[in-house]
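Remarks on the structure that follows.
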Amino acid sequence: MYRILVADAIKPEGLGPLSEASNILLIQKTVEEAANELDQIDAILVRSATKVTEDLMNRMPQLKIIARAGVGVDNIDIPAATKRGIVVVNAPDGNTISTAEHTFAMMASLMRHIPQAYASLKNGEWKRSSYTGTELRSKTLGIVGFGRIGGEIAKRAKVFGMEVIVFDPFLTADRAKKMSVTSLPLDKLLPKADIITVHTPLTNETRGLINKEKLLTCKKGVYVLNCARGGILDEDDLYEMIVKGHVAGAALDVFVEEPPLGHKLLELDNVIATPHLGASTKEAQLNVAVQVAQEVLTYFEGNPVSSSINLPAISKEVFEKVQPFYQLVQQMGSIASQCMKEGIQEISVTYAGESLDFDTAILTKSLISGFFKSRVDASVNEVNALLIAKERGITVGEKISADSLGYSNLISLKVKGDNRELTISGTYIENYGSRIVNLNGFKIDFHPEENLLYIQHTDKPGVIGNVGKILGDHEVNIATMQVGRKEAGGEAIMVLSFDKPLSDNMKQFLKETEEITFMALISL
Ligand SMILES: NC(=O)c1ccc[n+]([C@@H]2O[C@H](COP(=O)([O-])OP(=O)(O)OC[C@H]3O[C@@H](n4cnc5c(N)ncnc54)[C@H](O)[C@@H]3O)[C@@H](O)[C@H]2O)c1
Ligand SMILES: O=C(O)[C@H](O)COP(=O)(O)O
């Protein structure tokens with residue numbers, strides 16, 4: 001049973017797939033309320049309110065996945081999660097439209113003094129001339145951070161007859177052209193814009209990105225908006241620039257400290273604000289809840305997630321291509337690890353075949369995690385597998401080969417240890433499943449089952465029969481048996497599978513067969 005803590009207000013209607021799963025228990029409590037059961041929690045679902053710190057992770061030793069029902073992950077300590085092998089996922093586009101619409105509503109409200117006029121009217125006043133506004137048409141809008149939300153704002157601004165200039169260091173010329181916006185460096189954008197709106201994530205680079213020095217380069221009378229994250233616009237500097245009259249007004253949905261009770265910016269008449277409402281629509285909340293519920297379910301079903309922050313992101317199309325090989329590579333890694341109980345120096349993986357024509361990095365991570373699972377105490381998965389390999393001084397390499405030896409796909413692994421080397425190749429055959437087709441240079445063909453025994457021996461009459469007899473004498477039922485050899489009378493291998501795990505004692509009995517040169521019990 002997986003225990004999932006829903007620590008913030010996430011729309012229950014969107015969590016249907018999780019609440020319906022028989023192996024999942026949803027616990028709707030804050031971190032404080034769940035203090036006594038944190039050590040049993042497998043997943044945590046949050047919005048921006050709960051801070052998922054390293055300290056909290058230390059109190060949650062079973063935690064496997066953190067799901068952010070929204071975009072910004074600045075409330076989650078990603079490096080700490082990565083180190084512990086905890087997957088972090090978010091809902092990258094579920095609230096894009098809502099936030100873009102909110103920003104636009106804030107912009108119109110700011111320019112037309114709607115909140116101030118409304119408050120005045122409610123107060124029994126009728127001050128028409130005090131609230132003369134400014135049109136949006138023909139104004140230049142500067143968008144800093146031109147991702148999903150920035151892009152949606154640009155589309156709306158164009159319809160309002162605004163000129164749109166943008167700054168985003170990662171923006172391609174192609175996307176700028178497609179979106180009909182002018183891309184400029186920040187120092188060129190700031191003096192040109194009548195209104196500036198920021199839509200970057202909060203990172204070390206963007207914290208204080210728009211500060212006093214930058215605001216002084218803007219037009220006198222500029223309007224600024226922050227519906228992204230508190231701190232991208234430096235709050236103290238903004239306050240000073242508004243008080244001095246250089247900035248005409250600001251619209252803020254987010255603050256460094258939330259709630260910003262008693263904040264000096266809120267005392268200014270030309271600052272309008274909302275309590276972090278960008279994503280607060282019925283639609284966005286349903287979208288983000290559905291997205292993270294699906295991701296968490298996918299994760300607990302043992303499949304690769306598609307919107308992970310600390311794993312390479314994969315699209316639905318790539319996900320479908322990756323999925324058949326995902327378990328195969330983990331099993332190959334695990335077989336190699338259990339056959340090589342010694343210090344390892346190098347692991348190299350080769351991918352061949354047309355059906356592997358995608359970024360195979362996720363498969364290599366899955367393979368390495370399979371390799372380490374039986375070796376390290378720490379929880380190991382695709383998130384921290386490469387880190388664990390690096391910490392242990394193991395070189396991991398990945399290559400593509402044109403030669404798939406007639407298979408539609410072929411994944412080959414070579415592990416170099418202190419004393420010996422091991423090679424293993426596997427393929428995935430549609431409607432047939434995973435097959436191991438080569439082990440240590442021996443052609444073989446077996447399905448990686450749960451309980452396996454690998455035997456290397458001299459090819460002599462009677463050896464196979466002897467192994468069968470010893471197992472039979474001890475009432476061990478062989479489910480399948482595959483044999484392979486390079487040449488008659490040379491070295492040969494057997495791979496046997498069983499319905500139940502084989503006891504270590506059996507290994508002792510089998511060792512008495514002098515032709516056996518190597519043996520490994522494998523459990524997958
Ligand atoms: N107010 C709200 O309720 C609300 C809702 C959703 C998102 N957000 C915030 O809005 C941010 C943007 O969301 P999005 O969905 O558009 O994300 P996104 O990832 O699609 O876009 C962010 C853009 O910022 C750019 N960027 C990164 N560093 C930059 C820098 N130093 N200078 C300029 N640009 C930089 C990136 O290249 C990217 O294009 C989120 O990170 C989140 O913090 C707030
Ligand atoms: O980053 C986001 O998705 C927004 O800031 C929304 O935050 P919320 O889920 O706390 O409303």
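We count ligands from 1, going down the list as the structure has it; atoms in each ligand are counted the same way.
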Under a strict 4.0 Å criterion on non-hydrogen atoms, which protein residues are in contact with ligand 2? R47, S48, R68, A69, G70, V71, G72, N95, R229, H276, A279
State whether the number of non-hydrogen atoms from other residues, nucleotides or ligands found under 6.0 Å of K11 atom NZ is greater than 12. yes
Atom CG of D269 with >12 non-hydrogen neighbours under 6.0 angstrom: no
Which atoms of ligand 1 have any heavy atom of F170 under 4.0 Å away? 27 (C), 28 (N), 37 (O)
Nearest protein heavy atom to atom 9 (C) of ligand 1, by residue and atom, and its distance? A228 O, 3.5 Å
Within a radius of less than 6.0 Å around CD of E430, do more than 12 heavy atoms belonging to other residues, nucleotides or ligands occur? no
Within the 4.0 Å heavy-atom shell around E205, which atoms of ligand 1 are there? 31 (N)
Nearest-contact summary for atom 35 (C) of ligand 1 - protein heavy atom, Å: T200 CG2, 3.6 Å
So is there a nitrogen or oxygen of A279 less than 3.5 Å from a nitrogen or oxygen in ligand 1? yes
If you count every heavy atom of other residues, nucleotides or ligands that lies below 6.0 Å from Y2 atom OH, does the total exceed 12? no
Quick check, are the ring centers of F160 and F104 under 6.0 angstrom apart? yes
Hey, is D168 one of the residues with a heavy atom under 4.0 angstrom from ligand 1? yes
In terms of atom number and element, which parts of ligand 1 are under 4.0 angstrom from non-hydrogen atoms of D253? 1 (N), 2 (C), 3 (O)
Is any N or O atom of I149, backbone or side chain, closer than 3.5 Å to an N or O atom of ligand 1? yes
Can you find a pair of side-chain heavy atoms, one from V144 and one from D168, that are under 4.5 Å apart? no
Is it the case that T360 and E398 place a side-chain donor and acceptor less than 3.5 Å from each other? yes
Quick one: does V224's side chain get under 4.5 Å of T197's, heavy atoms only? no
More than 12 heavy atoms of other residues, nucleotides or ligands under 6.0 Å from CZ of F358: is that the case? yes
I'd like to know if D39 and R59 make a salt bridge, using a cut-off of under 4.0 Å between side-chain N and carboxylate O. no
K264 and D236: CA distance, side-chain angles, deciding distance, salt bridge (charged side-chain N to carboxylate O under 4.0 Å, His left out) verdict: CA-CA 9 Å; K264 58 185 177 184; D236 288 337; 3.1 Å; yes
Just need the protein heavy atom nearest to atom 5 (C) of ligand 1, so name the residue and atom and give the distance. T99 OG1, 3.0 Å
Does N95 have a non-hydrogen atom less than 4.0 Å from ligand 1? yes
Considering the heavy atoms of H276, write down every atom of ligand 1 situated less than 4.0 Å from one of them. 1 (N), 2 (C), 3 (O)
For salt bridge (charged side-chain N to carboxylate O under 4.0 Å, His left out), just list the numbers for K244 and E240, CA-CA rounded to whole Å, side-chain angles, deciding distance to a tenth of an Å, and then say yes or no. CA-CA 6 Å; K244 287 193 169 151; E240 188 186 333; 2.7 Å; yes
Checking heavy atoms under 4.0 Å, the part of P201 that sits near ligand 1 is both
Whether over 12 other heavy atoms sit under 6.0 Å from K399 NZ: no
Answer yes if the ring centres of H263 and F255 are under 6.0 angstrom apart, and no otherwise. yes
What protein heavy atom lies closest to atom 12 (C) of ligand 1? Include the residue and the distance to one decimal. H199 O, 3.4 Å
Would you check the N or O atoms of C227, main chain and side chain alike, for any that come under 3.5 Å of an N or O of ligand 1? yes
Residues, nucleotides or ligands: over 12 heavy atoms within 6.0 Å of N36 CG: no
So, is R148 polar-close to ligand 1, with some N/O to N/O distance under 3.5 Å? yes
Under 4.0 Å to a heavy atom of G145 - the qualifying atoms of ligand 1, by number: 24 (O), 34 (N)
Side chains of N75 and R47: is there a donor and an acceptor less than 3.5 Å apart? no
Residue selection (non-hydrogen contact nearest atom 21 (O) of ligand 1) among G72, A100, G147, P169: G147
For atom 40 (C) of ligand 1, which protein heavy atom lies nearest, and how many Å away is it? V71 CG1, 3.8 Å
Look at atom 31 (N) of ligand 1 and find which of V288, T206, N226 reaches it with the closest heavy atom. T206
Any atoms of ligand 1 less than 4.0 Å from a non-hydrogen atom of F146? List them with their elements. 39 (O)
